[in-house]
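Contents: one structure, followed by commentary.
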Amino acid sequence: MSRYADDATISGSIVVTGSATFNDQSKDVDFTVESDGNTHMLHVDAGNDRVGIATSSPGGTLHINPATGDAS
């Protein structure tokens, strides 16, 4: 297992063959997954215990921002 300081930058892919835990120490550190067209496709607001889909500021425990435009 490799450990980094407070920050690490990885270019390329990460393959996990098992479970993965993020923020194991329960710090107020948000987690965001970007998609091709949305910088906050999945956003975990650690300080407020909220998860947002397609929003960077979830208004409740789970906040799904409705799609805009053509959904075809």
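Here the structure is a predicted model, which is why all the values come from computation and not from measurement.
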Looking only at atom types and distance, does a side-chain atom of [X] sit under 3.5 Å from a main-chain N or O of [Y], one as donor and one as acceptor?
X: S35; Y: N38; value: yes
X: D28; Y: A46; value: no
X: N23; Y: K27; value: yes

>> Just to verify, what does V15 make a side-chain contact (heavy atoms from CB on, under 4.5 Å) with, not counting sequence neighbours?
In response: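 For V15, the residues satisfying side-chain contact (heavy atoms from CB on, under 4.5 Å) (neighbours in sequence not counted) are T17.
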> What pairs with S26 under side-chain contact (heavy atoms from CB on, under 4.5 Å), at least two apart in sequence or on another chain?
Replying inline: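 Checked S26 against side-chain contact (heavy atoms from CB on, under 4.5 Å); zero matches.
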For a quick test of your reading: what N or O donor-acceptor pairs under 3.5 Å do the side chains of residues 60-67 make, sequence neighbours left out?
residue	atom	partner	partner atom	Å
H63	ND1	G59	N	2.8
N65	ND2	A54	O	3.0

>> Could you report the tightest heavy-atom contact between M41 and E34, atom names first, then the distance?
In response: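 That would be CB-C, 4.4 Å.
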> Where do R50 and P58 come nearest, in terms of heavy atoms and distance?
Replying inline: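 Heavy-atom minimum between the residues: NH1-O, 3.2 Å.
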> Roughly how far apart are F31 CZ and D45 CG, rounded to 0.5 Å?
Replying inline: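 The distance works out to 13.5 Å.
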> Do the side chains of V44 and V29 join up, straight or via other hydrophobic residues, at under 4.5 Å, putting them in one cluster?
Replying inline: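 They do not share one cluster, since no chain of ILVMFWY contacts under 4.5 Å joins V44 to V29.
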> I10, F22: one ILVMFWY side-chain cluster at the under-4.5 Å cut-off?
Replying inline: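 As far as the 4.5 Å side-chain criterion goes, F22 and I10 are not connected within one cluster.
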> Does a donor on one side chain sit under 3.5 Å from an acceptor on the other, for T32 and H43?
Replying inline: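 Their side chains do contain a donor-acceptor pair, which is all the 3.5 Å distance test asks for.
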